[in-house]
Each structure stands twice: as C-alpha cells, then as structure tokens.
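Here the structure is laid out as structure tokens; the discussion comes afterwards.
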Amino acid sequence: MSALPSTSGKAHAAAGDAYDAVVVGAGFAGMYMLHRLRGLGLSVRVYEQGDGVGGTWYWNRYPGARCDVESMQYSYSFSDELQQQWDWSERYAPQPEILKYANHVADRFDLRRDIQFSTRVERAVFDEGSNLWSVTPSQGDIVTARHVILATGCLSNARMPDIKGLKDFKGEVYHTGHWPHHAVDFTGKRVAVIGTGSSAIQSVPVIAETASRLTVFQRTANFSIPARNAALTSDERESFRSRYPEIRRFAREESRNGIFTEMPDRGALDDGDNERRAKYQSRWERGGLTFMSVYNNLAIDKTANDTAANFVREMIAGIVDDPATAKLLQPDSHPIGTKRICIDSDYYAAFNRPNVTLVDIKSTGIDEILPNAVRTGARDYEIDALVLATGFDAMTGSVAKIDIVGRDGKTLNEKWAEGPRTYLGLMSAGFPNLFVITGPGSPSVLSNMIVSIEQHVDWIADCVGYMRDRGLATIEAERDAEDKWVAHVNEVASGTLYPQANSWYMGANIPGKPRIFMPYIGGVGAYRQICNDVSARGYEGFQMTPLAKEKRAAAS
Ligand code: NA7
C-alpha cells in the first residue's frame with residue numbers, strides 16, 4: 001500500500017502494508033489533507049464517523065445554521081478553478097449549501113474512494129520498534145500507518161448537558177450539534193431552547209416562526225451583530241473573484257483572523273464620541289464579524305472595549321420592545337469579543353413576538369427536566385420539544401475520545417490532563433508522526449477556519465514530503481520547543497481581555513476541564529510566518545530520525 005519511493009521502500013516493505021498516512025475525519029481539513037497527500041503520491045486512509053463528508057457541516061443541521069464568515073471567503077482557495085466556478089448563493093451560505101459544496105469537492109477531486117465512512121477511530125498506538133502507528137477503527141481491520149493526522153475538528157464533539165431528569169423527558173429532544181437528517185417540524189409545538197450561544201442565536205428566529213410557543217433559557221447573554229445576510233448577485237461574485245489573489249493573500253499573510261477586511265490603525269479612544277459612534281453604526285449596518293475590527297485595541301483595552309460593548313447594548317435596547325427582556329439580553333458578564341461574537345438574522349427582534357419568551361436562569365440554573373416540562377425558579381414550563389443548544393467540548397474533545405498511545409505507553413489524554421500541550425498546535429512531544437490540524441496552540445477557532453486549515457494541511461504535506469525525500473522515519477516535537485510555545489501562547493493570551501470570559505476557548509464550559517486559553521491569539525499572518533520560519537530552518541524545534549536508525553532498531 002505504501003507509495004513511498006525507493007529511498008524508503010525497503011523499510012516500508014519490512015513494515016508490511018502500512019499506509020503512509022491515516023487521516024481522522026473527512027471535514028474540510030481531512031478532505032484537503034487527503035487531496036494533498038495523494039498529490040504527493042502517498043497512500044492514505046481516511047476514517048469518518050459520519051456517513052458523508054463535511055464534518056461540522058454534516059452534523060450541525062439545526063434550523064438557521066449558517067457560517068459566520070462570508071462564503072466567498074469561507075471556501076477553499078487551493079484550486080482556482082474551484083473558487084472561480086462555484087457559485088455561492090448568499091453572503092453567508094446556509095448549512096445545506098455548505099454541505100453541498102463539501103460533497104462537490106469530494107466528487108470533483110475523487111476523494112471518496114479513500115474514505116471509509118461510518119467509522120470512528122477508537123485507538124492509535126505508536127510502536128517504537130517499527131516507528132509506525134497501529135490504528136483501530138470501529139469497524140474493519142486494524143491498520144498501520146507512518147503518520148496519523150487528526151482532522152477531527154474544533155467544534156465537533158457535541159456536549160449533552162448534565163441536567164437532572166433529561167433522559168426522562170417524554171417529548172422530542174434535539175442537540176443543535178447533532179441534528180437529525182430528517183426534517184424537524186415544530187409547527188404548533190411548544191419548544192424550549194436551552195443555551196444562547198451562536199447555535200441558539202441562529203436557530204431561535206427560525207424556530208419562532210412555526211412553534212406555537214418558544215421559551216429560551218438563558219444562562220449567559222451573548223453579543224450578537226446583525227449578519228445582514230442577502231442573496232449574492234453575479235456582479236458581486238465576479239467582483240470578488242477578480243480580486244481573489246489579493247483577498248486570499250491578505251487573509252493568509254496579513255490578517256489577524258483569516259478574513260479580508262480593513263486593518264484598523266486607530267484605537268477606540270483616539271476618536272471622539274460622535275466619530276466613534278458613527279464608525280460603530282456603520283459596521284453595525286454593514287453587519288458581520290468584522291465589527292470587532294473597527295479599532296485595533298478592542299481586544300486588549302477594557303475601556304476601549306466598553307465603548308463597543310455599550311454600543312451593542314444600546315442597539316439591543318433599541319430593538320427589543322420589553323425593557324426587562326432587553327436588559328436580560330444585554331451581555332454584562334464578559335468584554336465584547338472575548339467569547340466568539342455571534343452574528344444573527346433577527347435574533348433580538350424574535351423576542352418581540354408574542355410566542356417567544358426569554359427565561360433568565362443565570363442564578364438558578366435549570367432545576368430539572370420533567371417528562372413534559374422544564375423546571376426552573378419554582379416554575380414549570382410545559383413543552384413538547386427540547387432543543388439543546390449547549391455547545392461542544394471544543395478543541396480537545398474529539399481528540400480526547402480517541403485512545404492515543406505514544407512513546408513509553410503514555411496516552412495523549414494523560415499528557416493533556418492539565419490542558420493541551422503542543423508545539424505550534426501541530427504536534428505534541430512524545431507522539432511522533434502524529435499531527436493535529438488546527439490543534440490547540442494554533443489560531444484555529446479565532447480565525448476563518450478554512451484559511452487555517454489550508455495553512456496547516458500545506459505545512460503538514462510539505463513536512464511529510466520533506467521526510468520522504470530525505471528518507472526520514474519520524475518527526476517529533478522537542479519538549480523544550482513545546483514548553484516555550486505553550487508559554488508563548490499563554491503570554492500572548494494574557495496580554496488580552498480574552499481570559500476574562502468563561503468561554504469554551506478557555507474550556508470553561510466543561511465542568512472539570514482545565515482552564516487554559518487554547519487557541520493562539522498572535523494572529524493568522526504572524527503565526528503562518530512562524531511556521532514557515534520553523535520549516536525553513538530545517539524544522540527547528542522538531543527532532544527527526546532517519547529510516548536507517550529505525551532499521552537498526554528493528555534489527556536489534
Ligand atoms: P456555545 O457557544 O458553547 O453556547 C452554548 C450555550 O449553552 C451557552 O449559552 C451556554 O451557557 C449554554 N449552556 C451550556 N450548558 C448549559 C446548561 N447546563 N444549562 C444552561 N445553559 C447551558 O455553543 P454553540 O453551539 O452555540 O456555538 C459554538 C460555536 O459554533 C460558536 O462559537 C461559533 O463559532 C460556531 P454559558 O455561556 O456556558 O453560560
């Protein structure tokens with residue numbers, strides 16, 4: 001099976017029919033990884049637990065699900081033909097269209113033949129004698145591979161909340177991150193939504209249109225900016241396409257978050273009240289995530305941040321008719337942007353509908369789910385259907401579900417018990433040839449994921465190609481380099497307001513999870529440069545061993 005060339009052919013022959021790489025997950029990361037490795041002539045097996053491609057877009061089928069990055073930018077750039085030919089219908093494509101795009105990519109690049117669907121990877125064990133990984137899928141034979149690449153996604157491990165009585169509820173129960181494939185009809189039903197993160201903020205206005213009564217249970221109010229979603233005209237698409245070279249270059253090399261937008265050169269306090277307000281108002285009208293790019297100090301200066309937060313709170317008060325509901329919807333627990341800002345289509349206005357009620361559970365929590373109701377604050381809210389918009393065990397949750405055993409029999413879960421430790425978010429010391437795409441310690445969820453995915457996939461593919469060309473058996477992060485990187489990630493985060501929020505960036509939404517700021521906040525462009533410098537210096541901070549050494553070990 002190995003397609004490694006003659007420099008390494010003998011070692012691979014000795015190792016039997018090892019794959020060059022096993023990739024875990026067939027979302028946007030896994031699909032592009034397969035494409036790149038195949039382009040190098042390598043043998044690859046992809047395992048995907050869903051029965052189709054698309055990753056997060058395969059699972060998150062809840063009403064109103066859309067990407068929060070504009071689709072002309074939330075799309076692959078590796079194939080110019082693809083980006084020139086694919087027509088996005090709206091500024092923010094709805095989930096079915098993004099899934100259609102994923103399927104189109106799988107067909108166009110003939111990816112399916114190397115993907116085994118409906119299969120989870122349960123275990124991966126590194127063998128120090130052969131320097132190969134032994135991978136146990138949930139169905140089919142154990143396989144061996146030179147490299148294992150985790151393309152498991154940052155937001156793919158939907159989290160069921162631990163609420164008393166939940167399993168005894170007699171009505172329909174849905175999790176936004178694990179939505180059924182069949183159409184769900186809420187017409188005439190009394191529906192509860194628990195949670196007010198991005199998934200709830202997108203689904204509440206849509207559910208409200210058909211439910212007879214919708215009750216939203218809010219623990220923490222979130223900041224949301226209007227998406228201003230609209231159909232894209234062919235002129236708009238063409239204008240974007242003609243500028244793609246510059247747009248993509250900027251997003252990769254200069255931006256902080258992988259999105260083409262103006263880079264602010266002023267702080268919020270450099271402008272007077274009227275000018276500042278006019279700028280916020282203009283971004284509010286334009287809509288979208290770039291609201292936080294009005295000024296360059298919103299993420300680091302609390303006084304500056306307050307000006308943006310106050311503006312949004314004021315907007316909420318202007319939209320929501322009932323002052324008590326408006327007050328509850330105004331976030332007051334964290335600086336704006338320190339939890340991923342949401343973008344919505346008429347979320348706040350949905351609370352003006354007579355069939356929608358907001359229930360504050362900040363101090364009480366939910367006492368219990370009864371067979372026909374949600375009980376909180378000594379009141380029962382009778383419902384027919386329950387929607388859990390309670391989020392994910394983010395960034396590490398899907399990795400932790402795999403029993404990964406590295407050197408000396410040590411597991412990755414043991415190593416990461418106090419929080420994830422990686423070098424560059426790409427590898428973890430003690431786990432040779434195991435890569436993570438958009439892992440903790442990389443910009444990942446703080447960025448346009450596709451830009452970060454492409455950067456990691458290209459870096460990993462180049463690295464694997466480098467190893468092949470030089471007859472190298474292993475690459476492994478050095479502990480010292482890893483320690484320094486972890487310290488750097490923490491240092492950069494601590495210079496910002498982000499750690500002030502109880503966010504899933506911090507692991508704060510999972511009881512017992514260590515509170516570590518997981519993504520790298522230094523910026524997409526700066527991070528790419530660091531990765532490029534590392535590889536240009538012969539993979540500085542990584543240790544590589546030649547195949548010859550491996551063969552000696554195997555012989556002894
Ligand atoms: P999020 O952003 O993690 O939101 C989950 C929401 O569910 C949030 O409001 C939580 O409140 C709430 N929650 C979680 N557990 C409970 C319990 N037990 N009781 C009440 N409320 C609860 O997940 P999303 O799916 O909305 O979005 C994830 C990302 O996907 C998003 O950032 C985008 O990048 C796309 P809390 O804030 O913890 O008080």
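Residue indices begin at 1 and follow the sequence shown. Just so it is clear, the values below take in all heavy atoms, side chains as well, and ignore hydrogens, waters and symmetry mates. Both ligands and their constituent atoms are indexed starting at 1 by order of listing.
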Ligand 1 atoms in contact with [X] (distance to a heavy atom under 4.0 Å):
X: G195; result: 6 (C), 7 (O), 9 (O), 12 (C)
X: I361; result: 20 (C)
X: T390; result: 5 (C), 7 (O), 13 (N), 14 (C), 15 (N), 16 (C), 22 (C)
X: L155; result: 29 (C), 30 (O), 34 (O)

Specify the closest pair of heavy atoms between L386 and I194, including all atoms of both residues, with the distance to one decimal.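 Taking every non-hydrogen atom into account, CD1-CD1, 3.8 Å.
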
What are the two closest heavy atoms between I341 and L289, and how far apart are they?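 Smallest heavy-atom distance, with atoms named: CG2-CD2, 3.3 Å.
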
Can you pull out the closest protein heavy atom to [atom]? Residue, atom name and distance to 0.1 Å, please.
atom: atom 37 (O) of ligand 1; value: K339 NZ, 2.9 Å
atom: atom 31 (C) of ligand 1; value: S198 CB, 3.6 Å
atom: atom 5 (C) of ligand 1; value: A389 O, 3.3 Å
atom: atom 4 (O) of ligand 1; value: G197 CA, 3.5 Å
atom: atom 23 (O) of ligand 1; value: G391 CA, 3.2 Å
atom: atom 32 (O) of ligand 1; value: W504 CZ2, 3.2 Å
atom: atom 19 (N) of ligand 1; value: R219 NH1, 3.8 Å
atom: atom 21 (N) of ligand 1; value: I194 CG2, 3.8 Å

[X] N/O under 3.5 Å from ligand 1 N/O:
X: N222; answer: no
X: T176; answer: no
X: N509; answer: no

Close approach of [X] to ligand 1, heavy atoms, under 4.0 angstrom:
X: K362; answer: no
X: D162; answer: no
X: Q218; answer: no
X: F392; answer: yes
X: I366; answer: no

Heavy-atom distances under 4.0 Å decide this one: backbone, side chain, both or neither, for [X] against ligand 1?
X: I201; answer: neither
X: T196; answer: both
X: P161; answer: side chain

Can you tell me if [X] and [Y] form a side-chain donor-acceptor pair at under 3.5 Å?
X: R515; Y: N502; value: yes
X: S224; Y: D344; value: yes
X: Y47; Y: S138; value: no
X: S398; Y: S156; value: yes
X: T438; Y: S452; value: no

Taking the six-membered ring for Trp, are the ring centroids of [X] and [Y] within less than 6.0 Å of each other?
X: F223; Y: F311; result: no
X: Y527; Y: H456; result: yes
X: W485; Y: H488; result: yes
X: W86; Y: Y76; result: no
X: Y58; Y: H181; result: yes

Surrounding NZ of K327 (heavy atoms of other residues, nucleotides or ligands, distance under 6.0 Å), is the total greater than 12?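 Atom NZ in K327 is not packed in, count stays at 12 or less.
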
Considering only heavy atoms, which of S199, A158, S333, C154 lies nearest to atom 24 (P) of ligand 1?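 Looking at heavy atoms only, the winner is S199.
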
Just wondering, do M506 and P499 contact through their side chains at under 4.5 Å, heavy atoms?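 Yes, close enough: below the 4.5 Å cut-off.
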
